[in-house]
Trainee: 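Structure provided below as structure tokens; questions to follow.
Order of the sequence lines fixes the chain letters, A, B, ..., with proteins taken first and strands second; residue numbering starts at 1 for each chain. It should be emphasised that the depicted structure is a prediction, and the values quoted were computed from it without experimental measurement.
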Amino acid sequence: MSCACCSQGGFMRWSSYFIPTLREDPADAEVASHRLLVRAGYIRQLTAGVYSLLPLAQRVRLKIMQIIREEMNRIGGQEYFLPAIHPAELWKESGRWEVMGDNMFRLRDRKGADMGLGMTHEEVFTSIARNAINSYRQLPQIWYQMQTKFRDEARPKSGLLRVREFTMKDAYSFDVDRAGLDKSFKDQYSAYCAIFDRCGLKYTPVQASSGAMGGSESTEFMVRTDAGEDHIAVCEKCGYAANVEKATSRLPDPGDEDGPAAPETFPTPGVRTIEDLINFPGGAPADRQIKTLVYILDDKVALVLMRGDHELNETKLIDSTGSLNVRPAHADEIREALGASAGSLGAVGVSSSAGGKVSLIIADDTLKGRRNMTTGANRDDHHLRGVSIERDIRVDKWASLRTVKSGEGCPSCDGALDVFKAVEVGHIFKLGTKYSDSMGARVLTAEGAEVPIVMGSYGIGVERLMAAVVEFSNDEAGIIWPVSVAPFHVIITVTNVKDEALSTAGEKLYEELTAAGVEALLDDRDERAGVKFNDADLIGVPFRITVGKKLKEGKVELLNRATRKSEDVEIAKVLDSLRVILVRQ
RNA sequence: CGGGGCGUGGCUCAGCCCGGUAGAGCGCUCGGUUCGGGACCGAGAGGUCGUUGGUUCAAAUCCAAUCGCCCCGACCA
């Protein structure tokens, strides 16, 4: 039902309300949420990755924001409203002015000072905290806001799912110590669950990489959909769940046998790929090959060793090496480093110690202890067999680098992993003292020691959440909103407005429901019933009251948009029926 | 940033190869008939064919540049 704080009154008659539905699908929309939000008159694109929210969408957005606000306040959050435009100095202090690169929108004021549009607000909140918080007695604090965030994404896509300008609820916790942070983090975790539950979503919290923002215990809240860009691995049996940028899996023992005492070179003319070597006489199956990838990590050459049938996850490579810029080496860089071309590369005999061109040899954990393997010989058209990793290769670092696949063993029980696509609607993680250290936000403890404030960061993308609900809940006819975030609870469809009796009955019902706090939209347009039914389905209002032919018996139809089930209700009892239904939702 | 595609009334698209008076459906306006799952008939309004330059007697159409948008990849709280 409606609440005083977000009441959105006014005469909600479709004939004068702006809901520009489209009869056909927009040409440039691929994913369901994009297609439906445009077609149902919720959003319009202004430019790539930038959308206008029309009245219906703004109603949904405000409802989502109100749910978030209530749950943040419940755990002691205090709402702020911070600037979107930030001085470069602040971001230089934290080091992110450089780190963010092209993803940050930048501008210059009339005096020539560099400014940036906020991507998140760690810096601004920390700058407030460092000036005003000096004592452990002032902690903990939970501060949050909902503000427009700007990110100059290289490739905006999928409607509201990946944009360059969007509303984010971002919250930050400030504690004296790790124990305090642990508590703040747990509170946020449960608040996030409450928020997504209330939005009617099925979601999965997963372990994740923290990315450029830095931090630990990164947890993403994911909603399963093929429109999502992330892949997550989930074990139904024990509940293990992780982004593939983080996930590990349990693989069967390869059962290697002893090979020769030293690697043997053999000619492999024309062999360039793992596949080629499988089929080559005297070659090896993919899981007995060592794949050697050459990467440039912050301008240094690194060899990345993977099992032949495994795929590298670049985020894992970044996380495990602490690199900022990572890319595959170009053909000429490869030849210069190893003296051979891709297809014949290997790490045997290569050393990262002084003088060499290679500065790091990093290998995936699954190669540990492997013996009698086959790999490139660093001589075109030649390979080595009988390679035992620990004996023959000087690995500098072992790490989990591979991308797990569906069906592989769960790392924490004897179940199996399911890997699927999902969209990230929320992200919480422990920042620790990253920003308080770099920006000098310190407090005195009870013992009189000066310590950096321990921080946490907690974000939710509001419009993305809206789109995720649509992805999660729609059918061929349109959107199906849960009551909690629906733009209206009920739509009253008058089948023929030229019929005085129907019109009057519709108006009366509308007045009655509205007075009772039910958010109703009266479809009083002079359109044929079919058009109105289709539009009602499209915009996704959860219940429809049809004022039509049953009126003669003093009844109207009450239809559930999601189940398509309808019942005839005496017009005098509509409000009661709705009350029961809406409360139950 | 690499690859591909597309810019023609409000929307979805045809016309472009092969240069010669700008089209359809939907939507919109007016009149009439209809009226419970995107009606029908009649009459209308509405377009610098993304932009700039070039070729030509003549350019939506050919050439060049440029801008924008979409998709795939790279990248990404």
Trainee: Measure from CG on A:Leu46 to C1' on B:rC69 and round the result to the nearest Å.
Mentor: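 Distance check: A:Leu46 CG to B:rC69 C1' gives 13 Å.
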
Trainee: Could you pull out the protein-nucleic contacts involving nucleotides 22-25 of chain B (nitrogen or oxygen on both sides, under 3.5 Å)?
Mentor:
{"unit_1": "B:rG25", "atom_1": "N2", "unit_2": "A:Glu24", "atom_2": "OE2", "d": "3.2"}

Trainee: Measure distances between side-chain N and O atoms of A:Glu557 and base N and O atoms of B:rG36, and say whether any donor-acceptor pair falls under 3.5 Å.
Mentor: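 Side chain to base: pair found, below 3.5 Å.
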
Trainee: A:Glu153 has an atom CD; how far is it from atom P of B:rC71, in whole Å?
Mentor: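 These atoms are roughly 13 Å apart.
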
Trainee: Please state how far atom NE2 in A:His330 lies from atom P in B:rA74, giving the value in whole angstrom units.
Mentor: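 Atom NE2 in A:His330 sits about 15 Å away from atom P in B:rA74.
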
Trainee: Can you give me the closest heavy-atom contact between A:Ile68 and A:Lys169, atom names plus distance?
Mentor: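 Shortest heavy-atom separation between A:Ile68 and A:Lys169 comes out as CG2-CG, 3.3 Å.
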
Trainee: Could you state the atom-to-atom distance from CD of A:Glu220 to P of B:rC76 in whole Å?
Mentor: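 Computing the A:Glu220:CD to B:rC76:P distance gives 13 Å.
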
Trainee: A:Asp535 near the nucleic acid: base, sugar-phosphate alone, or nothing, with a heavy-atom cut-off under 4.0 Å?
Mentor: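 Answer is base: heavy atoms of A:Asp535 come under 4.0 Å of a base.
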
Trainee: Which nucleotide in the set B:rG37, B:rG36, B:rC76 lies at the smallest distance from any side-chain heavy atom of A:Asn103?
Mentor: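 That would be B:rC76.
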
Trainee: Decide ring pair (Phe, Tyr, Trp, His ring centres under 6.0 Å) for A:Tyr172 and A:Tyr435; before the verdict, give the C-alpha distance in whole Å, the side-chain angles of both, and the deciding distance to 0.1 Å.
Mentor: CA-CA 11 Å; A:Tyr172 305 89; A:Tyr435 292 88; 8.4 Å; no

Trainee: Which nucleotide, B:rC71, B:rG38, B:rG36, lies nearest any side-chain atom of A:Asn534?
Mentor: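 Of B:rC71, B:rG38, B:rG36, B:rG38 is nearest to the side chain of A:Asn534.
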
Trainee: Pairs under 3.5 angstrom, nitrogen or oxygen only, protein versus nucleotides 39-43 of chain B, please.
Mentor:
{"unit_1": "B:rA39", "atom_1": "N9", "unit_2": "A:Arg528", "atom_2": "NH1", "d": "3.4"}

